[in-house]
Amino acid sequence: YFPMLGAAVVVSVYIPFRHLGGASVGLLMPLLLSAYEQIGTFLVTRKFVARFVTEIETRERYSATNQGICVSMAICNLHAMAEGARLTLFYADSLRNDEWTILIP
């Protein structure tokens, strides 16, 4: 649930700031989404190392499987949620804008 909750937090924090600060706050959106992805990737990797690499019993139990794919899937999920949040924010901005101009993040 972390990727979904994280993306929801990013969107709910960004929208009021964008509404109050205008287009200049839109310049922070890539930084905010990148921070979400980096922190999420760090947490996923840390949890994987703590669970599957350092615990000998778990490592022996899953030695015949490819557990590294779980980390890749989690990172892909984080990236997809960040991209979904980005597109949601663009869509929310375009709904409030009556002019047919170039979308500004």
Side-chain angles (χ1 to χ4, degrees):
Y1 297 108
F2 170 73
M4 191 169 39
L5 291 175
V9 167
V10 167
V11 169
S12 21
V13 166
Y14 176 80
I15 288 176
F17 284 133
R18 172 72 166 85
H19 185 67
L20 294 173
S24 60
V25 175
L27 298 174
L28 297 176
M29 183 178 59
L31 179 64
L32 185 64
L33 292 174
S34 295
Y36 160 71
E37 282 190 69
Q38 293 298 322
I39 292 169
T41 301
F42 170 75
L43 293 174
V44 164
T45 306
R46 184 175 175 190
K47 181 70 173 174
F48 176 78
V49 169
R51 178 77 175 146
F52 289 104
V53 178
T54 58
E55 291 183 8
I56 295 174
E57 291 178 10
T58 307
R59 188 173 34 176
E60 288 174 353
R61 187 178 317 142
Y62 294 103
S63 63
T65 63
N66 184 7
Q67 292 300 315
I69 194 75
C70 293
V71 175
S72 298
M73 287 174 25
I75 291 171
C76 289
N77 190 12
L78 284 166
H79 180 69
M81 293 303 289
E83 287 300 313
R86 184 178 64 87
L87 292 175
T88 301
L89 294 173
F90 278 148
Y91 183 67
D93 278 345
S94 71
L95 288 177
R96 287 188 307 185
N97 189 4
D98 294 335
E99 301 173 10
W100 289 92
T101 58
I102 297 173
L103 288 176
I104 299 174

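- Counting non-hydrogen atoms of neighbouring residues, nucleotides and ligands closer than 6.0 angstrom, the CG atom of Leu87 exceeds 12 such neighbours.
- Looking at every heavy atom in both residues, Val11 comes nearest to Ala85 through CG2-CB, 3.7 Å.
- When all heavy atoms of Ala50 and Glu55 are compared, the closest pair comes out as O-CG, 3.7 Å.
- Taking CD from Glu37 and CG from Leu32, the interatomic distance works out to 11.0 Å, rounded to the nearest 0.5 Å.
- One distance of note links OG of Ser34 with CD1 of Ile39; it measures 10.5 Å at 0.5 Å rounding.
- Side-chain heavy atoms closer than 4.5 Å link hydrophobic residues (I, L, V, M, F, W, Y) into clusters, and following such links, even through other members, never connects Ile69 to Val49.
- Under the 4.5 Å side-chain contact rule for hydrophobic residues, Met73 and Leu43 do not share a cluster.
- Residue Ala74 comes nearest to Val44 through the heavy atom pair CB-CG1, 3.5 Å, listed as atom of the first residue, atom of the second, then distance.
- The two residues Leu78 and Gly40 come nearest to each other via the heavy atoms CD1-C, 3.2 Å.
- To the nearest 0.5 Å, atom OG1 of residue Thr41 and atom NE2 of residue His79 are 10.0 Å apart.
- Clustering ILVMFWY residues whenever any of their side-chain heavy atoms sit less than 4.5 angstrom apart, transitively, puts Leu20 in a cluster other than the one holding Val10.
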